[in-house]
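Reviewing the structure listed below.
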There are 2 protein chains.
Amino acid sequence: MSFVERGLIVRRDDSASVTYTDIARLAGVSTATVSRVLAGSASVSRDRQERVHLAAEQLGYRPNRAARALRRNKSDTIGLVVSDIEYPPIARLARVIESEAALQGLGLMICNTDESLTRQSFYIDLLLQERVAGVIAMPATDDPQQIRSLLDSDIPTVTVDRIVPDHNVDCVLIDNAAATHALVADLLGHQRRRFLGIFGTQDATPSRERLEAVQEQLSTRSGVTLSVRTLSLGSTIGIAQATRRITSIVQESFGSSAYNPDAIICSNAMTVEIVMKTLFERSIRVPDEVSVVGYDDMIGLDLFYSPVTVADQPFDRIGKRAVELLLSRMSGDADRSQRIIRIQPDMQFRDSCGGGHS
Amino acid sequence: MSFVERGLIVRRDDSASVTYTDIARLAGVSTATVSRVLAGSASVSRDRQERVHLAAEQLGYRPNRAARALRRNKSDTIGLVVSDIEYPPIARLARVIESEAALQGLGLMICNTDESLTRQSFYIDLLLQERVAGVIAMPATDDPQQIRSLLDSDIPTVTVDRIVPDHNVDCVLIDNAAATHALVADLLGHQRRRFLGIFGTQDATPSRERLEAVQEQLSTRSGVTLSVRTLSLGSTIGIAQATRRITSIVQESFGSSAYNPDAIICSNAMTVEIVMKTLFERSIRVPDEVSVVGYDDMIGLDLFYSPVTVADQPFDRIGKRAVELLLSRMSGDADRSQRIIRIQPDMQFRDSCGGGHS
DNA sequence: CTGAAAGCGCTTACAG
DNA sequence: CTGAAAGCGCTTACAG
């Protein structure tokens, strides 16, 4: 072990670990050769290759990722920046990305922003300090300024779900217009005429595209009305308050002098959940009195008292594509234009729309 | 910037970053002093402290975590080893741990094992390569041999949910006996007499403790029967096959010549979901014909066609305690005996048990 | 309180 | 194909 010959000035406080020096000595080669063999890079004679591999194994060599990262100014870790890992579709995204990253020997660092721009900046800074090899992000907003330091770095970045207008970031997201059209068509097919749309922040791609699509689709219909409520950025109000907000939107929408929608479009699965709960508590029957549809599937949604029709975002496929794009950027082709990949939604027609898919 | 004076042998391929050398020069101090100031360690004159902080700010200094990790042989990252980040209670655990870690400036690396011992070993090795500052793990089994290299390292480790018999690992988990007693008591209160228990691998703490508790509690009751089915370790069969297994357990349990339970105890929320789905598809009414209870709450479970009674594991509190224990281990007191913290379950009595909590 | 200097474990341009 | 050597950006024991 090299510790026997290390200077005495600084002592390691943990059990000595095996280094290239140890392997080199045992294999009778230089550390440069050890590096070449273990990195599988430059060509080394077969004989030496074997000796190095054997020595490494005998000594139980374990690479030191920090040393490698320092030398190469790039770690073998990628960062995942998301709003909320607890949101089931995002958990699925994380799972897929983690699994693909592991295949490349890359670690995955999770960064949960709660859609707070402050936390988002904090995490981007942390990832820059870490010199991560790449970042997959679902930024709180589409604003490039909010992730400026990441864009200005040379760290390959791919966004998911949200298009940041910058040539340096690819994006993978579903076809929100197609998803919306399918949902609205199903509602119209069930003779729904009074729509209530509950959408998220218009500072991010999905809710903006979805709202636009609904408005466009309904604008040509006569006798059909649309009432829209948008929520502000998650961070600015917090989850508890968002829940209260949605609950009150639903409550205010029903009653003798209210809008009384016969269809509610919810921009995500949490909204679906809150809406369904509020309707249940107020004994407003789904789908008899009102249809409910949403975006994003979630485990159990098909077992609700009225199974909910949704346009699922297939985050397993989205995650895989995102990793593909990221790896491609990581392996060099950095100076090209922005790639935007659209994935088709996975429609789940269930009873909440009116039963018997139209 | 220091790049102007760096040797020419190796060129940085990215934009030059600010280092201690730059700060030291601008502040007119040594790099040692810069380190002392920015690490907030040894005492430095107020005057120099200010100059260093000012210089760091002016230059837009960003620490290099790899360099620090290499020098200290320990990174500012902790590892989280879990079976499946997509399982909602675990997603919550990850969220809490991530949030607590961020408060300490620690990154969180996610390791998803799918309960595969191979993947578990792979990830432990990765975390060792990373020289993580600590690990919180939900190991696939209680067997210390499976995480031997982690235990043999000097990396502080805390387990969650599963007790690994080794003095070097603290553990935080719920009081499985109390949870079980509460569930069984509720079932008995609703005159249930024919129990079917579907438990997970007996190689891990929770299912073992729960099964023991059920058996013990029912053994003193006359006229009450218990049929037990246990599933093997997740990895050995995979999720799809586990689903099929549970589905067929339920299907085989009902029919003229079958056991026909009037109460099903499910060892986790995924089992609850599969059982509820199978019963729904077979039109077996809950709770009229059979009660269903489980462990772990999950969003939406209260909106099921029959809201499900569960003993929730409060993973937010569990996660916080785990981080506390880990930080305490990380700050030194490593050579003490194993600490085991029991958290009380959070009972959610709902209709699936028979309505109107007994 | 402070600085000069060594060294953490790798990678790689250079010179054979 | 191979090795000697420099250097990545920090931290810290040592000597003032």
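Bear in mind the structure is a predicted one, so any value in this text is a computation, not a measurement. Here is the naming used below: chain letters follow the sequence lines, and residue numbers restart at 1 for every chain.
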- request: Please list every stem that involves DNA chain C, where a stem is a run of 3 or more consecutive Watson-Crick or G-U wobble pairs with both pairing distances under 3.5 Å.
  value: C:1-3 with D:14-16, C:5-12 with D:5-12, C:14-16 with D:1-3

statement: Sorted by chain and residue number, the salt bridge (charged side-chain N to carboxylate O under 4.0 Å, His left out) partners of A:E324 (sequence neighbours excluded) come out as A:R321

task: For B:D143, check salt bridge (charged side-chain N to carboxylate O under 4.0 Å, His left out) against everything at least two apart and list the hits.
output: none

- request: Could you tell me which residues satisfy side-chain contact (heavy atoms from CB on, under 4.5 Å) with B:S121, sequence neighbours excluded, listed by chain and number?
  value: none

- request: Identify, with sequence neighbours excluded, every residue that meets side-chain contact (heavy atoms from CB on, under 4.5 Å) alongside B:K320.
  value: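 Listed in chain order: B:V96, B:E100.
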
- request: Report which part of the nucleic acid B:V34 touches: base, sugar-phosphate, or nothing (heavy-atom distance under 4.0 Å, all strands).
  value: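 Here B:V34 touches no strand at all.
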
message: Listing request: all ring-ring contact (aromatic ring centres under 6.0 Å, His included) pairs with a residue in residues 53-74 of chain A, at least two apart in sequence or in separate chains.
response: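 Residue pairs with at least one partner in residues 53-74 of chain A: A:Y20-A:Y61.
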
- request: Could you check B:R48 against B:T31 and say which one's nearest nucleotide on DNA chain C is further toward the 5' end?
  value: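 Mapping each residue to its closest nucleotide by heavy atoms, the 5'-most match is B:R48.
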
query: How do B:S35 and A:G28 order along DNA chain D: which one's closest nucleotide is nearer the 5' end?
result: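 It is A:G28, whose closest nucleotide lies nearer the 5' terminus.
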
query: Starting at CG of B:N73 and ending at P of C:dA6, how long is that distance when rounded to a whole Å?
result: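 Nearest whole value for this atom pair: 21 Å.
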
field: Same-atom distance (P) from D:dA15 to D:dT11, integer angstrom
entry: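 D:dA15 and D:dT11 have their P atoms separated by 22 Å.
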
- request: Using the C1' atom as the reference point in each nucleotide, state the distance between D:dT12 and D:dG16 in Å, no decimals.
  value: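 Their C1' atoms lie roughly 16 Å apart.
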
message: Less than 3.5 Å apart, any donor N or O on the side chain of B:Q129 or A:R62 sitting next to an acceptor on the other?
response: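 No, no side-chain donor-acceptor pair sits under 3.5 Å.
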
message: Measuring from the side chain of B:R36 (C-beta onward, heavy atoms only), which nucleotide among D:dG3, C:dC10, C:dG3 has the closest atom?
response: C:dG3

